[in-house]
Amino acid sequence: MTEFAPSNLAAIDAAHHIHPFSDMHKLNASGTRFISRGEGVHIWDSTGKKYLDAFAGLWCVNVGYGRTSIAEAAFRQMQELPYYNSFFGTTTPPATLLAQKIASHTGGRLSHVFFTNSGSEATDTWFRMARVYWKAVGHPLKTMVIARTNGYHGSTVAGASLGGMKWMHEQGNLPIAGVQHIGQPYWYAEGGDLTPEAFGLKVAQELEAKILDLGAENVAAFVAEPIQGAGGVIVPPSTYWPEIRRITEKYNILLVADEVITGFGRLGSWFGHQHFGFEPDLAPIAKGLSSGYLPIGGVMISERVAKVLIEEVGDFHHGFTYSGHPAAAVAALENLRIIEEEGLVERVRDDVGPYLVQALASLRDHELVGETPSVGLMGAVQITADKATRRRFDKPDDIGTQVRNHCLDNGLILRATGDRMLFSPPLIISRSEIDQTVETLRHALDALRDSRTV
Ligand SMILES: *Cc1c(COP(=O)(O)O)cnc(C)c1O
């Protein structure tokens with residue numbers, strides 16, 4: 001094992017390293033945690049403390065840690081050919097075979113793939129691609145893109161603009177021109193007296209109103225995650241997606257499904273749009289594509305768009321030095337082979353997914369638990385101050401952080417978005433590990449209740 005010995009690693013980190021999405025002032029004061037090893041659903045920090053990672057890194061380690069066959073595949077590829085590009089008339093066999101493999105899991109309907117190194121780059125890629133598509137088919141004015149409040153599409157300029165996080169927009173003068181937002185299908189917080197179904201229709205129809213407002217002749221695309229991830233695992237009511245698809249078809253707008261989290265088995269289907277029964281025109285992917293073993297992402301492209309790119313556009317002036325990087329591509333191929341061979345998608349759909357639904361639902365008797373939405377292995381526990389009125393505590397972030405820290409102290413990694421506790425474990429998690437997760441969370445909720453009543 002590699003030995004990173006210096007005992008003053010935290011001091012070195014504070015002196016030289018700015019972390020993503022981290023309050024560096026606070027972190028440098030408390031000292032960062034170093035994660036040094038992983039196996040299955042567990043990771044260990046540099047002090048030897050063991051954690052059950054019920055968040056799969058950042059929603060990505062779908063096949064779990066410690067898969068030596070992925071490491072070996074990358075090692076062999078790097079010995080043979082560590083790098084070559086896909087620009088100017090060449091590519092490498094792994095990139096080609098990976099594109100074919102990905103398309104095969106969409107039933108061939110998303111027939112082509114453009115590779116990137118991350119989900120954020122995938123966002124920037126489809127953003128340009130959608131505009132290029134409309135120009136090529138004679139609608140150069142169709143350039144506006146509609147996205148949602150509290151959506152997440154990455155941290156590049158286009159990603160952060162399309163995302164609906166105000167606190168991200170505040171840094172860097174975002175969103176850029178040409179991006180508009182509509183509401184999110186977050187019934188628990190925003191549904192008022194409506195039923196979830198009525199609320200789902202209402203927020204979907206905000207898309208229609210926005211299109212009419214902007215003029216359909218100016219709108220290129222609508223983007224949404226099948227289930228919002230970073231926004232808090234917001235599972236839309238059943239009425240939502242059919243209405244969205246109806247509207248994008250009626251006004252001839254490209255529908256972009258951001259599958260960066262919901263792809264590759266997370267929902268018990270290969271892709272989130274399959275779970276919800278709609279067909280997107282473009283779909284960015286990353287995370288579970290390689291289970292995080294090496295960075296790789298891409299955009300899945302429907303035949304409709306691919307045909308225009310190939311026959312009308314010809315040269316799309318866009319690409320990354322590492323698009324389709326051969327080592328990342330073989331890691332992804334081996335990752336997908338594992339998912340297929342071990343039947344992980346079916347396992348999530350038929351076994352551990354339904355089990356997680358039940359396990360989370362068992363928390364609903366807790367006085368602080370509002371709802372526990374979950375699909376496949378993507379779930380949330382909504383903390384509430386009053387179950388009857390769905391009232392939320394004043395400082396939701398503090399509430400979530402307190403519960404998360406309690407779990408962390410007890411060897412469980414969960415994420416908190418505001419007052420929602422999020423689950424996204426590796427797809428190999430066992431039933432007893434799910435039980436253990438839920439039990440630790442119950443203790444954390446008890447501790448929260450007790451701390452508020454004294
Ligand atoms: C993580 C994420 C992204 C961004 O991917 P990166 O690889 O971090 O750039 C985009 N969309 C969604 C839905 C994500 O969860």
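Order of appearance sets the numbers: ligands from 1, and atoms from 1 within every ligand. Computed over heavy atoms, backbone and side chain alike; hydrogens, waters and symmetry mates excluded.
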Please state which protein non-hydrogen atom is closest to [atom] and give its distance, to 0.1 Å?
| atom | answer |
| --- | --- |
| atom 10 (C) of ligand 1 | His153 C, 3.4 Å |
| atom 9 (O) of ligand 1 | Ser120 OG, 2.5 Å |
| atom 5 (O) of ligand 1 | Gly119 CA, 3.2 Å |

Self-check item: Of the listed options Leu289, Thr123, Asp258, closest to atom 11 (N) of ligand 1 (non-hydrogen atoms)
Solution: Asp258

With backbone taken as N, CA, C and O and side chain as the heavy atoms from C-beta onward, which portion of [X] lies under 4.0 Å from ligand 1: side chain, backbone, both, or neither?
| X | answer |
| --- | --- |
| Glu225 | side chain |
| Glu121 | neither |
| Tyr152 | both |

Quiz item: Counting only heavy atoms not in Tyr322, do more than 12 fall under 6.0 Å of its OH?
Solution: no

Exercise. Assess whether atom NZ of Lys210 is packed by more than 12 heavy atoms of other residues, nucleotides or ligands within 6.0 Å.
Key: yes

Quiz item: Can you tell me if Arg109 uses its side chain to pair, donor with acceptor, with the backbone of Pro280 under 3.5 Å?
Solution: yes

Quiz item: Quick one: which of Phe114, Phe87, Phe115 gives a ring-ring contact (aromatic ring centres under 6.0 Å, His included) with His318?
Solution: Phe114

Practice problem: For ligand 1, find out whether one of its N or O atoms is nearer than 3.5 Å to an N or O atom of Lys287. | Solution: yes

Quiz item: Side chains of Phe423 and Thr372: does their closest heavy-atom pair fall under 4.5 Å?
Solution: no

Quiz item: Quick one: does NZ or CZ of Lys395 land under 6.0 Å from the six-membered ring centre of Phe393, within 45 degrees of the ring axis?
Solution: no

Exercise. Measure across Val233 and Ala380 and return the closest heavy-atom pair with its distance rounded to 0.1 Å.
Key: CB-CB, 3.8 Å

Quiz item: Which of the atoms of ligand 1 are close to Ile261, meaning less than 4.0 Å from one of its heavy atoms?
Solution: 15 (O)

Quiz item: If you count the atoms of ligand 1 from 1 in the order shown, which ones are under 4.0 Å from a heavy atom of Ser118?
Solution: 7 (O), 9 (O)

